[in-house]
Amino acid sequence: MRPIDENTVPEWDADADVVIAGYGVAGAAAAVAAAQEGAEVLVLERAGGWGGAAALSGGFIYLGGGTALQQACGYEDTPANMAAFLTAALGPGGDPHKIGLYSEGSPEHYDWLTGTCAVAFRPAFFGEPAWEAYGDEGLMYSGGENAHPFPEIADPAPRGHLPCEGPLTGAPNGEQGRGRLLMEPLVRTASRLGVTARYDTRVDGLVVAADGRVCGVRARSFGRTLHVRARRGVVLTTGSFTYDAAMVGAHTPRLSGRPGAAVEEHDGISIRLGQALGAQVSHLDACEVAVGVDPQHLVRGIVVNAHGQRFINEDTYAGRIGQAALLNQGNGCWLVLDETGFEEADAATRAAEQLRTAPTVVAETPTELAAAMGLPEGALESTLDLYNRHAEQGRDPVHHKAAAWLRPLKGPLGAVDLGPRTAGFALGGLTTDTEGRVLHVDGAPVPGLYAAGRATTGIATGGYASGASLGDGTFFGRRAGHEAAQA
């Protein structure tokens, strides 16, 4: 884990201009960008194939500012509008330079993905409440941009860009998903540009020259120790620390013992390698929390805490509901629906089976339901009474749910325990500048060291929108690869 003196390396087993640790979406974007600059690129991947968490994801790439896809679907957006939303939605302490650059560069980055990398998007908008589009539509709201409080902050615009089916020729390390439809074209482009990859190879050390520059890595492959020289730079893209129990316990303890919405290779190795060189870290306490329930059900009911009180508008981004439940409500969280709401949601949804909800408890009256939920006497009854009185008038003055989803809830009633359905992943990591250079605690770049993706603190520093990881992973991964190749 500690830095390795170059003079102690017995021999170099391989070398390249740019060495990348991790072949997920950030590593793939970095590889393509470095190869475009004429660099010889070698990617070292711990797993048995490319893909990482990205290949198993829903495939959202958060882009905006007026991309060609937004325009084709009839939506106007500007970089300033996008930056205003991101600043409000993605948590306190976000880097305004990163957010501004990302927003300004999104349209061109979309063109790079579709042009250079041949990622396909169908110009169709999906407007239903859902975690993902049911078909191959290419654009949808993915961060609650059109739900309170964000329309008062920035004009709503859908920015969740979803790849559609294209020619698939490889096999990622995992099952097929729309994230695969992003990864496969990126990897195919990297291969076409001459990038090579070595799998089942885990980087576990950074080699440092006498002048302090990172000049290579140490790795393990099938029990053998390897040293790989990087003539221009090393790029760390091995993901978050979500599956390192010690780091989670130290930095995001509310995720401890909960399912990790990532892959097991996300063990924080890049972060610890950077720290061993004196690198800055930031927002290690930040995390995204998903609530594994169909939004078609959420919008038709009310979400209450362990005291029977609503605490958020149910038509917002489901990730915001999950965060609010785990981080602010102690994970005591229930979805309350009436029989009509369950039936309407079941008829409308085409969500995956694991997202569909059946009531944990049912009852004829609010009092009976509250007793079955273990809520304080009278709490749920008063919450329902207040909600129903205003819903009859098409209003929600407390949490401002959109009028389209307001309807009084009448018995029989059911409640879904959402506590067991929350799962998350870490957001913080190495501090980098806008070019992907890892920053030392003194503020200067660590020579020869770059990073991108969930190993770094990206644009999300506490809040989230679906697609932020794949979006800034590809955007800043691309910049890190370009910068390393130019070193």
Side-chain angles (χ1 to χ4, degrees), residues 53 62 85-95 131 142-145 147-150 153 239-262 266 268 271 281-293 295 298 301-336 355 373 375 379 383 398-401 415-429 454 457-469 472:
Y62 199 89
F85 170 78
L86 293 176
T87 300
L90 298 194
D95 186 334
W131 274 108
S142 68
E145 298 88 348
H148 178 80
F150 300 113
I153 297 170
S240 71
F241 61 89
T242 301
Y243 272 89
D244 184 274
M247 292 184 73
V248 169
H251 303 297
T252 59
R254 281 170 289 192
L255 290 183
S256 293
R258 306 213 60 74
H266 279 215
I271 299 169
V281 292
S282 51
H283 297 285
L284 294 185
D285 61 335
C287 59
E288 159 62 351
V289 183
V291 56
V293 64
L298 287 171
I302 60 171
V303 174
V304 300
N305 60 18
H307 305 292
Q309 302 165 327
R310 291 177 72 211
F311 55 90
I312 197 168
N313 49 312
E314 296 82 5
D315 61 336
T316 191
Y317 171 52
R320 293 190 73 231
I321 296 175
Q323 281 190 316
L326 180 62
L327 305 184
N328 302 331
Q329 304 297 329
N331 210 40
C333 180
W334 294 82
L335 169 64
V336 177
L355 294 176
M373 296 164 66
L375 301 182
T383 295
V398 180
H399 292 288
H400 310 285
K401 182 159 72 172
V416 181
D417 186 358
L418 299 182
R421 292 173 173 264
T422 54
F425 56 89
L427 293 175
R454 284 273 62 89
T457 299
I459 58 172
T461 56
Y464 200 69
S466 286
S469 291
D472 82 17

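Just so it is clear, the values below take in all heavy atoms, side chains as well, and ignore hydrogens, waters and symmetry mates.
For the pair Ser256 and Gly249, the tightest heavy-atom approach, listed with the atom from each and the gap, is OG-CA, 3.6 Å. Smallest separation of non-hydrogen atoms from Thr252 and Cys287: CG2-CB, 4.4 Å. The minimum heavy-atom distance between Gly458 and Asp472, with the atom names listed, is CA-OD2, 3.3 Å. The shortest non-hydrogen separation linking Leu284 to Gly429 is CD2-N, 3.5 Å. Across all non-hydrogen atoms, the minimal contact from Gly260 to Tyr243 is O-OH, 3.1 Å. In terms of heavy atoms, Ala460 sits closest to Gly463 at CB-O, 3.5 Å.
Between the side chain of Asp244 and the main chain of Gly268, no donor-acceptor pair closer than 3.5 Å is present. Counting only distance, with no hydrogens or angles, the side chain of Thr383 and the backbone of Gly308 share a donor-acceptor pair below 3.5 Å. In this structure, Thr242 contributes its side chain and Ala426 its backbone to a donor-acceptor pair below 3.5 Å. In terms of modelled atom types and a separation under 3.5 Å, the side chain of Trp131 and the main chain of Val293 share a donor-acceptor contact. Although no hydrogens or angles enter the test, the distance criterion places no donor-acceptor pair under 3.5 Å between the side chain of His283 and the main chain of Gly428. Here the side chain of Glu314 pairs a donor or acceptor atom with the backbone of Val303 at under 3.5 angstrom. Side chain of Thr422 to backbone of Val291: no donor-acceptor contact under 3.5 angstrom is found.
Contact of the Tyr62 side chain with the Ile459 side chain is not registered, since no non-hydrogen atoms from C-beta on lie closer than 4.5 Å. Residues Gln309 and Val304 fail the side-chain proximity criterion, which asks for heavy atoms closer than 4.5 Å. When side chains are defined from C-beta on, Phe85 does not count as touching Ile153, because their heavy atoms never get closer than 4.5 Å.
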Could you go step by step and tell me if Val289 and Arg254 meet the side chain to side chain contact (heavy atoms under 4.5 Å, CB included) rule? CA-CA 10 Å; Val289 183; Arg254 281 170 289 192; over 6 Å; no
Just do the side chain to side chain contact (heavy atoms under 4.5 Å, CB included) check on Phe311 and Asn328 with the steps written out, would you? CA-CA 9 Å; Phe311 55 90; Asn328 302 331; over 6 Å; no
Taking it one step at a time, do Leu326 and Leu255 satisfy side chain to side chain contact (heavy atoms under 4.5 Å, CB included)? CA-CA 9 Å; Leu326 180 62; Leu255 290 183; 4.0 Å; yes
Using side chain to side chain contact (heavy atoms under 4.5 Å, CB included), reason through Gln323 and Glu288 one step at a time and then give a plain yes or no. CA-CA 6 Å; Gln323 281 190 316; Glu288 159 62 351; 3.5 Å; yes
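Going from atom NE2 of His400 over to atom CG of Asp315 covers 11.5 Å, rounded to the nearest 0.5 Å. Separation of atoms CD1 (Ile271) and NE2 (His266) is listed at 10.0 Å; rounding is to 0.5 Å. Taken to the nearest 0.5 Å, the OG1 atom of Thr87 stands 10.0 Å off from the CG atom of Asp95. With rounding to the nearest 0.5 angstrom, the CD1 atom of Ile302 is 9.5 Å from the NE2 atom of His399. Here the straight-line distance linking atom CG of Asn331 with atom CG of Leu418 works out to 9.0 Å at 0.5 Å rounding.
Between the side chains of Ser466 and Tyr317, at least one donor N or O sits under 3.5 Å from an acceptor N or O. In this model, a donor atom of one side chain and an acceptor atom of the other lie less than 3.5 Å apart for Ser469 and Arg454.
Thr461 pairs by the side chain to side chain donor-acceptor pair (under 3.5 Å) definition with nothing, not counting sequence neighbours.
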